[in-house]
Amino acid sequence: MMETLPTLLLSTAYAPPVSYFVKLYKYATSGRIALEGCEHYIKQSYRNRCCILGPNGVQSLTIPVELPQGTKTPIREVRISEHGAWRHLHAQALRTAYGASPFFEYYADELLPFYERRYTYLWDFNVELLQTLLFLLQLDVAWCATEDFIPPHSADAPTGLCDLRYSLSPKSVEAIPGVQLRPYYQLHLARRGFVEDLSIFDLLFEMGPESLLVLRDSVHP
């Protein structure tokens with residue numbers, strides 16, 4: 001009998017880490033998946049940041065944002081700032097980090113155009129990029145955006161809710177429940193050793209169609 005999983009609750013994120021997609025993989029067929037659309041923006045999180053592995057080590061790519069209401073800005077109203085040349089810098093960083101990877105050329109035409117389009121809101125950019133990444137991974141995921149905000153550890157939360165909105169963070173050192181990341185090929189493996197839980201960009205450019213197998217094998221009972 002197939003296990004019935006409870007709801008998975010995630011934040012929106014910019015090309016989120018592999019563990020994020022491991023959870024999506026697990027809940028794709030048996031659970032309900034929701035992205036938090038009613039929270040206030042959280043600084044220094046994966047909402048506008050991803051981590052890739054370049055020739056000089058781990059590199060953080062951050063989308064500059066504008067907060068019309070300061071720290072009380074709803075996540076869907078966070079604007080992408082036009083300050084600086086972040087689109088060019090991020091695209092160039094990906095080319096430098098993964099241009100020699102096995103599947104960079106295979107996926108570049110689908111992903112690099114995101115750095116040529118102008119998006120007003122971070123939410124829209126993240127959602128469209130996520131949908132493209134899911135398509136390239138051949139991971140069929142149905143998700144919805146939340147319509148109400150449920151505070152963490154709230155008594156009103158659904159029974160069995162897997163809430164990773166705030167625990168899946170670049171500042172957290174705790175393991176994500178149900179995830180045991182399987183090592184995979186990385187371009188700089190011999191020099192640096194395996195670096196885990198980078199942006200999904202890393203897995204996709206290095207492993208291509210086998211990325212889905214890595215996600216599958218990273219689900220821990």
Side-chain angles (χ1 to χ4, degrees), residues 3-28 30-54 57-63 65 71 75 78 122-123 126 129-130 133-134 137 139 141 143 145-146 149-184 186 188-189 192-204 206-207 211-221:
E3 177 189 9
T4 300
L5 299 172
T7 300
L8 171 67
L9 185 54
L10 296 164
S11 71
T12 182
Y14 167 35
V18 174
S19 57
Y20 188 105
F21 284 86
V22 174
K23 300 304 287 191
L24 288 175
Y25 180 93
K26 179 173 181 178
Y27 282 80
S30 305
R32 295 181 61 247
I33 298 169
L35 297 188
E36 178 56 72
C38 300
E39 67 177 358
H40 292 149
Y41 174 71
I42 305 293
K43 292 183 178 181
Q44 298 181 347
S45 72
Y46 288 127
R47 288 158 184 79
N48 68 321
R49 176 188 303 184
C50 72
C51 296
I52 64 173
L53 186 60
V58 177
Q59 182 178 357
S60 180
L61 305 180
T62 302
I63 299 175
V65 296
T71 57
I75 188 64
V78 174
L122 178 68
W123 173 273
N126 283 350
L129 179 57
L130 175 63
L133 289 165
L134 291 171
L137 289 164
L139 180 55
V141 171
W143 60 270
T146 60
F149 181 73
I150 300 176
H153 314 297
S154 170
D156 295 329
T159 302
L161 174 68
C162 180
D163 183 357
L164 298 179
R165 292 172 296 175
Y166 310 111
S167 57
L168 211 167
S169 162
K171 295 184 289 185
S172 175
V173 295
E174 296 183 7
I176 301 300
V179 176
Q180 186 171 317
L181 295 172
R182 175 194 137 186
Y184 55 87
Q186 288 175 330
H188 307 290
L189 186 65
R192 298 192 174 278
F194 179 70
V195 181
E196 70 173 25
D197 218 16
L198 296 166
S199 166
I200 193 66
F201 284 148
D202 187 80
L203 176 61
L204 198 58
E206 302 289 25
M207 298 299 292
S211 298
L212 201 61
L213 301 180
V214 175
L215 298 180
R216 181 199 66 186
D217 293 345
S218 297
V219 175
H220 190 261

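For the numbers below, each heavy atom of this structure counts, side chains included, while hydrogens, waters and symmetry mates do not.
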_Give me the atom names and distance for the closest heavy-atom approach of L137 to S211._
CD2-CB, 3.6 Å
*asked:* Is a donor from one side chain sitting under 3.5 angstrom from an acceptor on the other, for S11 and E36?
replied: no
*asked:* Please report the interatomic distance CG(D197) to CG(L168), rounded to the nearest 0.5 Å.
replied: 6.5 Å
*Give me the one residue out of R182, K26, Q180 that meets side chain to side chain donor-acceptor pair (under 3.5 Å) with H220.*
Q180
*Are any of the side-chain heavy atoms of V18 and L215 separated by less than 4.5 Å?*
yes
*CG of N126 to CG of N48: how many Å apart, nearest 0.5 Å?*
8.0 Å
*Can you tell me if T12 uses its side chain to pair, donor with acceptor, with the backbone of R47 under 3.5 Å?*
no
*Can you tell if the side chain of I52 reaches within under 4.5 Å of the side chain of D202, non-hydrogen atoms only?*
no
*Please round to the nearest 0.5 Å and tell me the distance separating atom CD1 of I176 and atom OG of S167.*
4.5 Å
*asked:* Quick check: do I150 and D163 have side-chain heavy atoms less than 4.5 Å from each other?
replied: no
*Would you name the heavy atoms of R32 and Y27 that are closest together and state the gap between them?*
O-CD2, 4.4 Å
*In Å, rounded to the nearest 0.5 Å, how long is the span from OG of S154 to CZ of F149?*
9.0 Å
*Any side-chain heavy atom of Y20 within less than 4.5 Å of one from V179?*
no
*Rounded distance (nearest 0.5 Å) linking atom CG of L212 with atom CG of D217*: 10.0 Å
*Can you tell me how far CD of Q186 sits from CG of L203, rounded to the nearest 0.5 angstrom?*
9.0 Å
*asked:* Quick check: closest heavy atoms across A15 and F201, and the distance to 0.1 Å?
replied: CB-CE1, 3.4 Å
*Shortest non-hydrogen contact from K23 to P177?*
NZ-O, 2.8 Å
*Can you name the closest pair of heavy atoms from R165 and L9 and give their distance?*
NE-CD2, 3.3 Å
*Under a 4.5 Å cut-off applied to non-hydrogen side-chain atoms, are L134 and F21 in contact?*
yes
*Looking only at heavy atoms, which two atoms of C51 and V58 are closest? And how far apart?*
CB-CG1, 4.0 Å
*Quick one: are W123 and I75 in side-chain contact, heavy atoms under 4.5 Å?*
yes
